[in-house]
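Shown next, in structure tokens, is the structure this report addresses.
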Amino acid sequence: MNKAWWKEAVVYQIYPRSFMDSNGDGIGDINGITEKLEYLQELGIDVIWLSPVYQSPNDDNGYDISDYQAIMTEFGTMEDFDRMLSRAHELGIKIMMDLVVNHTSDEHAWFVESKKSVDNPYRDFYIWRKGKEDGSEPNNWGSCFSGSAWKYDPQTDMYFLHLFSKKQPDLNWDNPDVREHVFDMMNWWCEKGIDGFRMDVISLISKPEGLPDGVPGENGYADSGCANGPHVHEYLKEMNKKVLSHYNLITVGEASGVTLEEAKKYASADGSELNMVFQFEHVGSGPEGNNRFGKWDSHKMSLPVWKKILSKWQTGLEGKAWNSLFLANHDQPRSVSWFGNDSAEYREISAKMLATCLHMMQGTPYVYQGEELGMCNAYFDKLEDYRDIESLNAYKELTETCGVSHEEMMGYLKRISRDNARTPMQWDDSANAGFTTGTPWIKVNSNYPKVNAKQEVSDPDSVFSYYKKLIRLRHENEIIVYGDYELLAPEDEALFIYTRMLGTQRLMVLCNFTEKEVSIPAEVTEQIPADAKLLIGNYSKQKEEMLQAYEARVYAYHL
């Protein structure tokens, strides 16, 4: 058994803009995070993943960085950061930074130089190409945020590549100087005392040789084919050698488009690249999703398909690499709204069931801020309440060129916009949920008088208290961290049932994903001995051989 502290840890993601505002300007900040560290200590988490706090013009909420070694003015100062880091460490909490190095902001000093002339020393820090003979884009790649992935710059009569916003030019990782600059910056943060990196879209850093056209998609622009490019593992091995291996870090790569085979390389048990990856197969609409408009008209996949995907990652990486476990983050709708049931009747019970299902698996669990309270989608009615660049661009593109009606598009945004995850943290039932004394940068979810931390921390039956227990159980039971996983009843349309095994120890995890009572299959009940202990459950009274609506149970026993 290959043990490591980061396998035993639980990570909590903070989206700083929406976490806690300490100075009344309506924007969450670093001092606000420091103020709430005791709350996170109470929850029991080990690591904070901090979404970007670097200097940024904020075209994509901080994922467009203009200075990697300065703090965004809205969030505070480097002194504030150092104080937060030191206080977190005093409380036994580690800090994992969000590393965004596929691209920078177009306001970064490197790009400002790069634009000046074709022979500027920084020119080759980015990906510049001449247009085609007719002056059009160098190839047919599309940006992840709609439109072409190329922007024309008249100053040198060339285009630069941006896989995301026009203000996020891609770095040229094939240039060794770029890699050296990035590694120097990473070492600087490690010397400051941070504890790890979550690496944004790291699977995209190596572009296909020659930048060939891709297969055109629905919108006329093609997928770039940049995911898992030709040199990505070589560059990450170099990063590991020059930075990561010198410190005791937690590292996770965001790797959309990653396959099981690729993940075994990124997160190899030999420690040569990263500790783990984020894969996204289980948060889309699945292999049978017939979406006309990408993610916007996607639907939650059927439970048997979802179980198959999660189980593939559980068993496929067993002993070879390590899983990261998540249902929510700053790019996804709220987990209880997407995977559970956020109605008044079932919100709490289904939030607890989802947490049980996830936290009992093998891998490092990630809790997204507010998930531990059962926060749900905001369901904004007005377009002007949305702030997210991806959502606003998609609205414009789909309504203007794809014939989607305003009403239909608003329905998509309510279900799946990234802003659902970005509404302010609900601290108490005072104005603006206690997040700010000013005007919040984005509206607060209107259910905050009922769903808030103040009410939940003191309630032993709350979603918060349930998460606290799940986290404690993981810290106390090796089997939850290191046990083998096996899926039972794979075709069951309502129940997700699996076992964990370590030596003679067994856990049986039973989760009902519907609002109906469902009988437990006989072949499962036969496996649970009479003296099995109920380790955790989200109902105070269980029914024999039945799971109630959104019920979860975990039994522990020995063979």
Side-chain angles (χ1 to χ4, degrees), residues 3-17 19-20 22 28-56 62-63 65-101 179-200 202 236 238-254 271 273-276 322 324 364 366-367 369 471 475:
K3 290 188 179 181
W5 71 265
W6 43 266
K7 292 181 178 178
E8 298 165 17
V10 176
V11 182
Y12 186 94
Q13 183 190 355
I14 287 181
Y15 194 72
R17 180 165 292 272
F19 192 63
M20 181 65 197
S22 69
D29 47 44
I30 286 170
N31 288 339
I33 296 169
T34 309
E35 212 177 289
K36 295 295 183 181
L37 288 171
E38 278 86 356
Y39 164 84
L40 296 177
Q41 185 192 36
E42 168 79 4
L43 182 59
I45 57 101
D46 306 280
V47 180
I48 290 169
W49 153 21
L50 199 58
S51 283
V53 291
Y54 314 93
Q55 191 57 263
S56 165
Y63 283 87
I65 295 167
S66 54
D67 186 345
Y68 288 103
Q69 283 161 260
I71 298 294
M72 197 187 298
T73 25
E74 293 173 326
F75 289 167
T77 63
M78 193 57 82
E79 289 69 32
D80 295 334
F81 178 90
D82 291 340
R83 193 164 54 248
M84 177 199 67
L85 182 65
S86 154
R87 181 67 184 134
H89 286 167
E90 279 170 23
L91 295 171
I93 295 172
K94 295 179 180 339
I95 301 285
M96 173 164 69
M97 299 294 282
D98 210 323
L99 183 77
V100 188
V101 288
R179 302 198 299 274
E180 281 309 311
H181 277 69
V182 167
F183 301 157
D184 286 350
M185 173 269 291
M186 291 171 72
N187 275 312
W188 183 85
W189 279 103
C190 291
E191 290 303 320
K192 190 178 261 297
I194 64 138
D195 305 288
F197 296 104
R198 173 266 183 189
M199 301 182 189
D200 187 61
I202 200 71
L236 286 176
E238 185 184 355
M239 178 195 284
N240 186 294
K241 191 171 155 210
K242 291 184 174 168
V243 185
L244 309 178
S245 59
H246 299 275
Y247 311 92
N248 188 14
L249 302 176
I250 176 170
T251 55
V252 57
E254 182 193 27
E273 293 187 28
L274 308 176
N275 297 155
M276 56 192 128
W322 195 249
S324 44
T364 299
Y366 288 72
V367 179
Q369 66 181 44
I471 293 167
H475 289 150

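No hydrogens, no waters, no symmetry mates; every other heavy atom, side chains included, goes into these values. Keep in mind it's a predicted model, so treat the numbers as computed, not measured.
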Considering all heavy atoms of both residues, which atom of [X] and which atom of [Y] are nearest to each other, and what is their separation?
{"X": "M97", "Y": "I194", "value": "CG-CD1, 3.5 Å"}
{"X": "L249", "Y": "G196", "value": "CD2-N, 3.7 Å"}
{"X": "P52", "Y": "G62", "value": "CB-O, 3.2 Å"}
{"X": "H89", "Y": "I93", "value": "CD2-O, 3.3 Å"}
{"X": "A9", "Y": "V47", "value": "CB-CG2, 4.2 Å"}
{"X": "I48", "Y": "I14", "value": "CG2-CD1, 3.8 Å"}

[atom1]/[X] to [atom2]/[Y] distance, rounded to the nearest 0.5 angstrom?
{"X": "F81", "Y": "L50", "atom1": "CZ", "atom2": "CG", "answer": "6.5 Å"}
{"X": "M199", "Y": "D98", "atom1": "CE", "atom2": "CG", "answer": "10.5 Å"}
{"X": "Y68", "Y": "M185", "atom1": "OH", "atom2": "CE", "answer": "5.5 Å"}
{"X": "I33", "Y": "I95", "atom1": "CD1", "atom2": "CD1", "answer": "7.5 Å"}
{"X": "K94", "Y": "N248", "atom1": "NZ", "atom2": "CG", "answer": "7.0 Å"}
{"X": "I202", "Y": "F197", "atom1": "CD1", "atom2": "CZ", "answer": "10.5 Å"}

With distance as the sole test, does [X] use its side chain to make a donor-acceptor pair with the main-chain N or O of [Y] at under 3.5 Å?
{"X": "T251", "Y": "L274", "result": "no"}
{"X": "D29", "Y": "S22", "result": "yes"}
{"X": "Q369", "Y": "Y15", "result": "yes"}

| Can you check whether M20 reaches T34 side chain to side chain, under 4.5 Å on heavy atoms? |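 SC-SC contact between M20 and T34 ruled out.
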| said: Does any part of the side chain of V11, heavy atoms only, come nearer than 4.5 Å to the side chain of I250, both counted from C-beta? | reply: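 Side-chain contact under 4.5 Å: yes.
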| query | Are any of the side-chain nitrogens in E38 or R87 under 4.0 Å away from the carboxylate oxygens of its partner? | reply |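 Looking at E38 and R87, the cut-off is met.
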| message | If the threshold is 4.0 Å, N to carboxylate O, is there a salt bridge linking E74 and R17? | response |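 Here E74 pairs with R17 in a salt bridge, since their nearest N and O are under 4.0 Å apart.
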| message | Tell me whether K192 at atom NZ has more than 12 heavy atoms from other residues, nucleotides or ligands lying less than 6.0 Å away. | response |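 Counting other residues, nucleotides and ligands, NZ of K192 exceeds 12 neighbours.
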| request: Consider only side-chain N and O atoms of H475 and D46, and report whether a donor and an acceptor are under 3.5 Å apart. | output: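 A donor-acceptor contact under 3.5 Å links the two side chains.
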| Donor + acceptor pair across side chains of T364, W6 (<3.5 Å) |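 No, no side-chain donor-acceptor contact under 3.5 Å.
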| request: Take E238 and E180 through the side chain to side chain contact (heavy atoms under 4.5 Å, CB included) test and state the conclusion after the steps. | output: CA-CA 10 Å; E238 185 184 355; E180 281 309 311; 4.1 Å; yes
| Strictly under 6.0 Å, is that where the ring centroids of Y247 and W189 end up? |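 No: the rings miss the under 6.0 Å criterion.
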| query | side chain to side chain contact (heavy atoms under 4.5 Å, CB included) between M72 and V53: does it pass, once the steps are laid out? | reply | CA-CA 6 Å; M72 197 187 298; V53 291; 5.8 Å; no
| query | Between N187 and H246, is a side-chain hydrogen bond (donor to acceptor under 3.5 Å, both in side chains) present by the stated rule, with each step listed? | reply | CA-CA 9 Å; N187 275 312; H246 299 275; over 6 Å; no
| From CA spacing to verdict: side-chain hydrogen bond (donor to acceptor under 3.5 Å, both in side chains), T77, D80 | CA-CA 5 Å; T77 63; D80 295 334; 3.2 Å; yes
| task | Take V101 and M186 through the side chain to side chain contact (heavy atoms under 4.5 Å, CB included) test and state the conclusion after the steps. | result | CA-CA 10 Å; V101 288; M186 291 171 72; 5.9 Å; no
| said: Show, in sequence, the C-alpha distance, side-chain angles and deciding distance for M96 and D195, and conclude whether the side chain to side chain contact (heavy atoms under 4.5 Å, CB included) test is met. | reply: CA-CA 5 Å; M96 173 164 69; D195 305 288; 6.0 Å; no
